[in-house]
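On a predicted model such as this, the values are computed, not experimentally measured, just so you know.
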Amino acid sequence: MFLRINDIIACRALFFIMAFYVGLWTIRIPTIKDQIQTDYLGIGYIFATFAIGSIIAMFFASKMIRNTSCRIILIYCGLFQGLLWLPTAFIKNLEIFMIIAFIFGLCFGAFEIALNLYASNLEKREKKSMMSGFHAFWSLGVLFGSLMTSFFLEWKISFLNNILVYVIILLPINLLFTLNLIGDEKSSENDKTNIFFLWPIIIFLLAIIAMANALTEGSVDAWGALYMRDYIKVDGFQIGLATISFNIFMVLGRLSGDWFRDKLGVYNLLIILFFLTILSLIILIFFNSIVPSILGFAILGIGASSIIPIAYSLAGKIKGIEGSVGITIVSIAVYGTFMGAPASLGLLANAYGVNNIFIPMLIIFIFLLIPIKVFKNEFKL
């Protein structure tokens with residue numbers, strides 16, 4: 001017997017817990033960079049190996065979920081992800097850290113598909129928009145994880161002790177919530193069960209939009225702390241202000257995202273989010289003091305808030321396609337971006353400064369407004 005918790009609450013909690021670990025990662029990237037004595041490009045390689053592991057797991061995620069359940073995948077992957085943190089404070093070599101990142105990616109990729117599929121099934125069951133709200137708890141997790149880790153950094157608590165505190169607390173809580181999930185919704189026998197088929201245009205659009213958002217959202221997680229330390233020239237607690245301000249406004253955007261989606265429609269909401277993102281990237285590229293940087297990351301948080309939830313929500317509901325398959329396609333697009341982007345952004349940061357990693361993102365978002373306008377009717381799914 002164990003404590004019974006509503007499965008909607010349990011699903012939200014799992015988004016929060018896994019993202020809390022991401023908050024640890026984002027703030028400790030400078031620590032890890034110094035620990036393994038690498039440069040921006042080396043950090044990019046770590047991101048890339050993580051993404052490769054994630055994509056490999058995603059190719060097999062649908063079949064694993066069909067043969068077991070979302071609940072089983074979430075139990076095992078959640079446990080492995082927590083335990084994998086324990087050796088990271090002892091690794092001094094880039095190549096070994098890349099191996100650990102690859103294994104992390106395997107666990108995270110399967111976890112990502114299973115958790116978003118479970119959330120999509122809850123949307124279907126409850127017959128209302130909920131995905132942005134679920135992802136709000138992800139952003140809350142990143143926010144609280146980065147905030148707490150920033151305090152640990154300010155208090156000069158070691159990386160190892162930081163990890164031990166988090167794993168000891170979060171691992172049993174994660175297990176408790178996964179045990180409270182219930183059975184999966186069964187797909188129709190006529191649904192597509194793998195990603196190899198002629199995709200409808202909506203899948204292409206969702207994948208492209210998700211890739212663009214992955215560049216911006218991922219850039220804050222991967223480069224925000226380095227941007228603040230090396231470009232804005234701050235230290236201690238202020239290193240975490242990029243991630244903290246971004247995620248505060250990401251949370252606000254996601255908590256209200258389902259309401260705005262129902263009121264404005266998907267297309268109108270996407271246009272607003274894209275324009276906010278473009279504005280924020282301009283600020284981050286051209287201003288180098290702390291107040292504009294915090295403002296830029298805050299606006300970026302609002303702009304990026306509901307794009308990925310919209311993509312996952314729509315991808316999980318396309319007729320004739322198994323929900324896990326639609327979500328897998330969007331997820332592979334996202335992590336495929338992470339495969340190539342980190343190393344190339346590392347090259348850009350090394351050559352021209354870490355602020356200039358935002359220039360390619362600005363160009364992409366401006367040009368993406370064209371296909372969104374041309375195929376606006378596809379977003380009435």
Side-chain angles (χ1 to χ4, degrees), residues 15 19 22-23 25-26 47 112 116 129 131-143 145-146 205-225 227-228 240-261 264 266-285 293-315 330-331 333-335 337-338 341-342 345 355 357-369 372 379:
F15 273 102
V22 175
W25 163 250
T26 58
F47 299 148
E112 170 103 350
N116 278 288
S129 298
M131 189 65 79
S132 185
F134 283 123
H135 281 251
F137 280 84
W138 176 272
S139 297
L140 277 170
V142 177
L143 172 62
S146 58
L205 290 170
L206 294 175
I208 293 169
I209 289 168
M211 289 171 68
N213 196 75
L215 276 173
T216 55
E217 190 172 345
S219 70
V220 179
D221 292 339
W223 302 101
Y227 176 95
M228 295 299 291
L241 286 178
T243 303
I244 291 168
S245 61
F246 174 82
N247 281 289
I248 286 173
F249 285 89
M250 173 79 83
V251 169
L252 294 174
R254 286 181 168 174
L255 286 174
S256 58
D258 291 323
W259 186 86
F260 278 110
R261 175 180 163 183
L264 301 175
V266 172
Y267 170 76
N268 290 330
L269 180 56
L270 277 176
I271 292 296
I272 293 171
L273 296 175
F274 266 58
F275 275 110
L276 288 172
T277 299
I278 289 167
L279 173 62
S280 68
L281 293 172
I282 291 171
I283 293 172
L284 294 175
I285 293 166
S293 69
I294 294 172
L295 178 63
F297 282 112
I299 298 172
L300 183 59
I302 299 173
S305 62
S306 292
I307 295 175
I308 290 290
I310 286 171
Y312 278 128
S313 179
L314 297 185
V330 171
S331 294
V334 169
Y335 287 90
T337 303
F338 285 138
L345 290 176
N355 63 307
I357 65 170
F358 297 108
I359 291 176
M361 304 171 206
L362 176 62
I363 295 170
I364 289 168
F365 269 86
I366 290 172
F367 278 97
L368 269 180
L369 288 170
I372 291 176
F379 294 99

Taking side chain to side chain donor-acceptor pair (under 3.5 Å) as the definition, give me every residue that meets it alongside [X], ordered by chain and number, with sequence neighbours left out.
X: S313; result: E123, R261, K317
X: S139; result: R254
X: T277; result: none
X: S245; result: none

Do [X] and [Y] have side chains that get closer than 4.5 Å, going by heavy atoms?
X: I372; Y: L205; answer: no
X: I272; Y: L264; answer: yes
X: L284; Y: Y227; answer: yes

Discussion item. Over 60° means perpendicular and under 30° means parallel, so tell me whether W25 and F47 are parallel, tilted or perpendicular.
Written reply: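 Plane angle over 60°, so perpendicular.
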Item to complete: Taking all non-hydrogen atoms of both residues into account, name the closest pair between L369 and I271 and its distance.
Response: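 In terms of heavy atoms, the two residues are closest at CD2-CD1, 4.1 Å.
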Item to complete: Determine the minimum heavy-atom distance between P309 and M131, stating which atoms define it.
Response: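 Shortest heavy-atom contact: O-CG, 3.4 Å.
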Discussion item. Per the side chain to side chain donor-acceptor pair (under 3.5 Å) rule, what does the pair list look like for residues 297-312, sequence neighbours excluded?
Written reply: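 Non-adjacent pairs meeting side chain to side chain donor-acceptor pair (under 3.5 Å): E112-Y312, S132-S306, Y312-S331.
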Worksheet item: Can you tell which of I278, L279, T216 makes a side-chain contact (heavy atoms from CB on, under 4.5 Å) with L362?
Response: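 When side-chain contact (heavy atoms from CB on, under 4.5 Å) is applied between L362 and each of I278, L279, T216, only I278 qualifies.
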Item to complete: Not counting sequence neighbours, which residues clear ring-ring contact (aromatic ring centres under 6.0 Å, His included) with F249? List them please.
Response: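 Residues passing ring-ring contact (aromatic ring centres under 6.0 Å, His included) with F249: none at all.
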Discussion item. Tell me whether F260 at atom CZ has more than 12 heavy atoms from other residues, nucleotides or ligands lying less than 6.0 Å away.
Written reply: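 Not buried by this count: 12 neighbours or fewer within 6.0 Å.
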